[in-house]
Q: 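Structure incoming, see below.
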Amino acid sequence: MPKTSTSLIRRLRGRATGLAVVGTALALAAPVPAMAATAGARAAASADPVSVMTYTAKERREALAYWTTARIKAVGKSVDLGPTGPKAKPYKGAALKTVGRLFFVNSRGADTWCTATAVKSANRSAVMTAAHCVRLGSSPGNTNTTMVFVPGYNKGKKPYGVFAVRSAATPRTWENDSVNDVSALVVDADKNGRKLTDVVGGRPIAFDRAVGGTVTALGYSATRPQLGEELLRCVGRTKREHGTQMIPCDLTGGASGGPWLADFDATTGKGKGVLVSVNASLDSLTPTKMYGEVLGATAKKVYDRAQRG
């Protein structure tokens with residue numbers, strides 16, 4: 001597995017840290033400098049607020065072949081962010097088919113993972129995660145590759161198969177300015193020709209939902225003893241903070257992109273489980289707060305682009 005000296009993306013807002021697990025060492029990264037935008041680039045961004053990356057059929061076949069059981073096991077063992085915090089508990093409710101690990105090779109060539117969620121969509125193939133799981137913010141050329149989604153992942157088991165990512169939509173504001181840390185992916189059908197949500201179902205999404213309700217945040221955190229092999233959850237009441245929303249939570253690297261579910265019982269797994277945000281950033285390497293975007297007009301445009309893909 002490629003080695004790297006850095007692992008977490010610092011949000012350019014200057015207050016929190018991204019949650020993607022990257023390679024063998026995890027430390028605060030220096031802020032990524034924003035690239036100068038030409039007048040033409042800014043005009044293109046204003047004309048199209050969504051940036052879409054696509055992967056060729058060959059690249060998708062290679063991604064499926066790349067993420068062997070042995071490689072998945074190795075990437076989990078390569079990272080240890082310390083003991084699981086007191087707020088993050090193993091999820092023990094009914095099986096969550098829709099939530100899974102998102103494996104990829106980052107822009108520095110390191111094997112890594114995030115968390116992602118299958119959602120209801122017109123094409124029955126859309127997945128929501130964080131934008132920093134797809135590309136570095138404020139750095140248009142630094143994108144991730146070799147990406148697959150494994151819904152329902154648990155302790156090495158892939159009960160619903162592996163789905164190659166065909167395209168990834170992010171806000172143009174994330175690509176250029178590290179704002180709006182949310183992404184919508186489109187995945188291929190599985191090896192039997194079945195579309196994702198026909199296999200695992202899809203979570204509904206609520207846009208412009210008022211901040212203030214109780215949510216369950218889920219993610220495959222790289223803390224021990226789980227080390228990404230088991231789904232963890234936090235439960236808390238959302239508050240507005242730093243232009244986003246926040247809950248008390250100590251999930252950390254690997255939980256990036258995991259869903260915030262409202263109207264959901266974290267003990268039983270019952271309820272609508274409406275997706276109202278995704279894990280985007282935290283307040284420190286010893287976290288006490290988790291931040292997620294308020295899903296508004298920009299997030300809706302990203303989602304709509306994916307569900308038509």
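Values below: every heavy atom of this structure, side chains too, minus hydrogens, waters and symmetry copies. All residue numbers in this chain count up from 1 along the given sequence.
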Q: For residues 154-165, pull every pair meeting salt bridge (Lys or Arg N to Asp or Glu O under 4.0 Å), keeping only residues two or more places apart or in separate chains.
A: none
Q: Not counting sequence neighbours, which residues clear salt bridge (charged side-chain N to carboxylate O under 4.0 Å, His left out) with Arg203? List them please.
A: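 Applying salt bridge (charged side-chain N to carboxylate O under 4.0 Å, His left out) to Arg203 gives none.
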Q: Let me know which of Lys89, Arg224, Gln226 forms a side-chain hydrogen bond (donor to acceptor under 3.5 Å, both in side chains) with Thr84.
A: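 Output: one option passes, namely Gln226.
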Q: Quick check: is Tyr303 connected to Val186 through a chain of hydrophobic side chains (ILVMFWY, heavy atoms under 4.5 Å apart)?
A: no
Q: Please, which pairs that meet salt bridge (Lys or Arg N to Asp or Glu O under 4.0 Å) have at least one residue in residues 113-126, sequence neighbours excluded?
A: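 Sorted result for residues 113-126: Arg124-Asp198.
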Q: Is Leu102 close to Val148 at the side-chain level, that is, under 4.5 Å between some pair of heavy atoms?
A: no
Q: Could you list the residues that satisfy side chain to side chain donor-acceptor pair (under 3.5 Å) with Lys300, not counting sequence neighbours?
A: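 In terms of side chain to side chain donor-acceptor pair (under 3.5 Å), with neighbours along the sequence ignored, Lys300 is linked to Asp304.
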Q: Please tell me whether Val162 and Trp67 are part of a single hydrophobic cluster in this structure, the criterion being side-chain heavy atoms less than 4.5 Å apart.
A: yes
Q: Do Val235 and Leu231 belong to the same hydrophobic cluster, where Ile, Leu, Val, Met, Phe, Trp and Tyr are linked whenever their side-chain heavy atoms lie under 4.5 Å apart, directly or via other members?
A: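 Different hydrophobic clusters.
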Q: Let me see the working for Glu229 and Tyr220 under side chain to side chain donor-acceptor pair (under 3.5 Å), right down to the final yes or no.
A: CA-CA 7 Å; Glu229 289 293 305; Tyr220 291 91; over 6 Å; no
Q: Do the non-hydrogen side-chain atoms of Thr170 and Asp181 ever get within less than 4.5 Å of each other?
A: no
Q: Lys289: which residues meet the salt bridge (charged side-chain N to carboxylate O under 4.0 Å, His left out) condition with it, sequence neighbours left out?
A: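 Partners of Lys289 by the salt bridge (charged side-chain N to carboxylate O under 4.0 Å, His left out) criterion, ordered by chain and then number, come out as Glu241.
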Q: Are Trp260 and Asn279 linked by a side-chain donor-acceptor pair shorter than 3.5 Å?
A: yes
Q: Between Phe103 and Tyr66 (judged by ring centroids, cut-off 6.0 Å), do the two rings come close enough to count as a pair?
A: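 They do not qualify: ring centres at least 6.0 Å apart.
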Q: Side chains of Thr129 and Val278: does their closest heavy-atom pair fall under 4.5 Å?
A: no
Q: Taking the side chain from Ser139 and the backbone from Gly141, do they hold a donor-acceptor pair closer than 3.5 Å?
A: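 Side chain of Ser139 to backbone of Gly141: no pair is present.
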Q: My understanding is that only residues two or more places apart in sequence, or in another chain, count here; which of them pass side-chain contact (heavy atoms from CB on, under 4.5 Å) with Thr267?
A: Asp265
Q: Lys77: which residues meet the side-chain contact (heavy atoms from CB on, under 4.5 Å) condition with it, sequence neighbours left out?
A: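 Testing Lys77 for side-chain contact (heavy atoms from CB on, under 4.5 Å), a comparison that skips the adjacent residues, returns Lys73.
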Q: Is any side-chain heavy atom of Asn176 closer than 4.5 Å to a side-chain heavy atom of Pro140?
A: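 They are in side-chain contact.
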Q: Which salt bridge (Lys or Arg N to Asp or Glu O under 4.0 Å) pairs, counting each pair once, include a residue from residues 206-220, with sequence neighbours left out?
A: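 Sorted result for residues 206-220: Arg209-Asp263.
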Q: When you compare the side chains of Ser221 and Thr252, does any donor N or O come within less than 3.5 Å of an acceptor on the partner?
A: no
Q: Is it the case that the side chains of Asp283 and Thr288 hold a donor-acceptor pair, with the cut-off being a distance below 3.5 Å and no angle test?
A: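 The answer is yes; a qualifying pair exists.
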Q: How about Ile205 and Gln307: do any of their side-chain heavy atoms sit closer than 4.5 Å?
A: no
Q: Please examine the side chains of Leu218 and Thr115, heavy atoms only from C-beta on, and report whether any two atoms are closer than 4.5 Å.
A: no
Q: Can a donor-acceptor pair be found between the side chains of Ser51 and Glu175 at a distance below 3.5 Å?
A: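 Yes - a donor-acceptor pair under 3.5 Å links their side chains.
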Q: Do the side chains of Leu251 and Leu227 join up, straight or via other hydrophobic residues, at under 4.5 Å, putting them in one cluster?
A: no
Q: Go through the structure and list residues passing side-chain contact (heavy atoms from CB on, under 4.5 Å) with Asn154, not counting sequence neighbours.
A: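 side-chain contact (heavy atoms from CB on, under 4.5 Å) check on Asn154 returns Glu230.
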Q: Output yes when a side-chain donor or acceptor of Asn123 lies under 3.5 Å from a complementary backbone atom of Ser125, and no otherwise.
A: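 Judged by distance alone, yes, a pair lies under 3.5 Å.
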Q: Taking Pro287's backbone N and O only, do any of them form a donor-acceptor pair with Asp250's side chain (distance below 3.5 Å, no angle check)?
A: no
Q: If we ignore hydrogens and angles and just use 3.5 Å, is the side chain of Arg101 paired with the main-chain N or O of Cys114 as donor and acceptor?
A: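 Absent.
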Q: With no hydrogens and no angle check, just 3.5 Å: does a side-chain donor-acceptor pair link Arg166 and Tyr55?
A: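 No, no side-chain donor-acceptor pair sits under 3.5 Å.
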Q: Checking side-chain polar atoms at under 3.5 Å, does Ser183 have a donor or acceptor matched by the opposite partner on Arg135?
A: no
Q: Backbone N or O of Gly82 within a donor-acceptor pair of the Asp80 side chain at under 3.5 Å?
A: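 Indeed, once roles are kept as given, a pair shorter than 3.5 Å links the two residues.
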Q: Give every residue pair that meets the disulfide (SG to SG under 2.5 Å) criterion with at least one member in residues 227-297, sequence neighbours excluded.
A: Cys234-Cys249
Q: Could you pull out all residues at least two apart from Val211 that satisfy side-chain contact (heavy atoms from CB on, under 4.5 Å)?
A: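 With sequence neighbours excluded, Val211 shows a side-chain contact (heavy atoms from CB on, under 4.5 Å) to Thr238, Arg240, Gln245, Val294, given in chain and number order.
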Q: Partners of Thr117 by side chain to side chain donor-acceptor pair (under 3.5 Å), sequence neighbours excluded?
A: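 Counting only residues at least two positions away or on another chain, Thr117 forms no side chain to side chain donor-acceptor pair (under 3.5 Å).
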